[in-house]
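Okay, so here's the structure we're looking at.
To find a chain, count down the sequence lines: A is the first, B the second, and so on, and within it residues start at 1. All values reported here derive from a predicted model rather than from experimental measurement.
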There are 2 protein chains.
Amino acid sequence: MKEQTSPDSPLADLCRQRGLKLTGQRRTIAFVLSDSDDHPDVEELYRRAVAVDSRISIATVYRTVRLFEENGILQRRDFGGGRARYEVADGDHGDHYHLIDADSGKVIEFENAELDALLDTIVQQMGYGLVTTRLSVVGRKKAKTRGGN
Amino acid sequence: MKEQTSPDSPLADLCRQRGLKLTGQRRTIAFVLSDSDDHPDVEELYRRAVAVDSRISIATVYRTVRLFEENGILQRRDFGGGRARYEVADGDHGDHYHLIDADSGKVIEFENAELDALLDTIVQQMGYGLVTTRLSVVGRKKAKTRGGN
DNA sequence: TTGTATAATGCGAAAGATTATCAATTGCAA
DNA sequence: TTGCAATTGATAATCTTTCGCATTATACAA
Ligand SMILES: [Mn+2]
Ligand SMILES: [Mn+2]
Ligand SMILES: [Zn+2]
Ligand SMILES: [Zn+2]
């Protein structure tokens with residue numbers, strides 16, 4: 001008789017690899033995260049998790065998100081607005097950056113090797129080793145056609 | 001008979017130029033800000049302001065800091081830690097960036113024209129005009145000498 | 001499988017930063 | 001100097017996140 005409420009997911013496996021106890025709630029939150037390709041805040045994660053398994057409290061989402069971040073499974077982002085937002089940590093490949101549409105708030109990801117290198121060089125020249133880069137740019141869509149949307 | 005508690009300052013002049021009513025509290029906060037070359041949070045600004053003129057409440061510091069930011073006089077910074085930090089807005093010259101020492105928390109400013117240009121180019125190529133750059137890097141001091149401090 | 005030690009959860013309270021409320025005060029234009 | 005809208009101080013409210021603690025579930029050994 002199966003009782004498992006949420007399927008396993010890549011993040012659930014990561015959980016095990018880190019030796020974290022895999023509770024039903026964590027499995028559900030891991031599933032929701034694996035299934036997301038945006039940058040939800042805790043409130044939004046909670047909504048998505050409850051839709052999968054209603055036996056979850058927001059306190060556990062807060063706790064799990066923190067645990068996952070401490071274990072390198074999640075990355076916390078700050079796009080302003082006063083609440084933390086989360087996404088699955090980049091694997092091996094380089095970090096990515098975020099462009100926020102000033103009008104819509106939409107978040108657009110981008111990678112740029114030159115930027116990676118330049119930041120590293122700058123920090124090196126200042127006598128430091130680069131630990132973390134916190135970068136997001138806010139932009140406004142250029143009107144390509146007159147009277148454009 | 002003079003009653004003016006705080007001297008005028010570059011920021012106080014800016015206040016007038018923007019048509020903002022120049023109250024005693026604002027003059028004091030403007031003076032404190034002009035006098036600072038670091039990145040104080042509101043609590044710290046409050047301390048410094050009270051040292052100059054005790055007739056100031058923290059609510060007014062919050063209000064003033066917000067007003068100044070909305071008027072381009074101040075820039076709000078987020079170095080993590082949950083509280084906003086402030087500094088006088090860069091005048092004409094380009095923005096600067098911040099390197100945070102991972103161990104001491106010390107904030108080191110730097111400018112880099114190549115970085116300015118690269119960010120602008122990247123955003124342009126994505127079809128946007130650059131509005132704001134939010135960038136800070138965390139670094140750890142390289143040991144230059146063995147056994148170094 | 002069953003039992004147990006331990007870690008995790010749910011719920012509400014607490015904390016910490018910032019904003020809102022509102023009566024009293026003040027800057028400033030007339 | 002007056003008048004009045006804008007600002008202030010004190011404090012309550014709000015918002016996000018963390019804590020405390022009794023209850024429950026997981027991992028693991030018997
Ligand atoms: Mn933030
Ligand atoms: Mn912050
Ligand atoms: Zn992203
Ligand atoms: Zn600075």
Looking only at side-chain N and O atoms, does A/D38 offer a donor or acceptor that is under 3.5 Å from a partner on A/Y86? no

Note down the inter-axis angle between the two ends of the helix from C/dT1-D/dA30 to C/dA30-D/dT1, five pairs each, to the nearest 10°. 30°

Residues A/Q75 and A/H96: side-chain donor-acceptor under 3.5 angstrom: no

Nucleotide by nucleotide, 5' to 3', does protein get under 4.0 Å of the base (B), only the sugar-phosphate (S), or neither (-) in nucleotides 21-30 of chain D, counting heavy atoms? -----BS---

Provide the start and end nucleotides, 5' to 3', of the part of DNA chain C that has atoms under 4.0 Å from heavy atoms of chain A. C/dT6 to C/dC11

Listed by chain and number, what are the side-chain contact (heavy atoms from CB on, under 4.5 Å) partners of B/Q124, not counting sequence neighbours? A/K142, B/D120

For A/E69, which residues count as a salt bridge (Lys or Arg N to Asp or Glu O under 4.0 Å) partner, sequence neighbours excluded? A/R76

Less than 4.0 angstrom from a charged side-chain N to a carboxylate O is my criterion; do A/D8 and A/R27 meet it? yes

With a 4.0 Å heavy-atom cut-off, tell me which residues in residues 31-46 of chain A come close to DNA chain C, sorted by residue number. none

Basic-acidic side-chain contact under 4.0 Å: A/R47, A/E43: no

Are any of the side-chain nitrogens in B/R140 or B/D103 under 4.0 Å away from the carboxylate oxygens of its partner? yes

Calculate the interatomic distance between B/Y62 atom OH and D/dT11 atom C1'; express it in whole Å. 14 Å

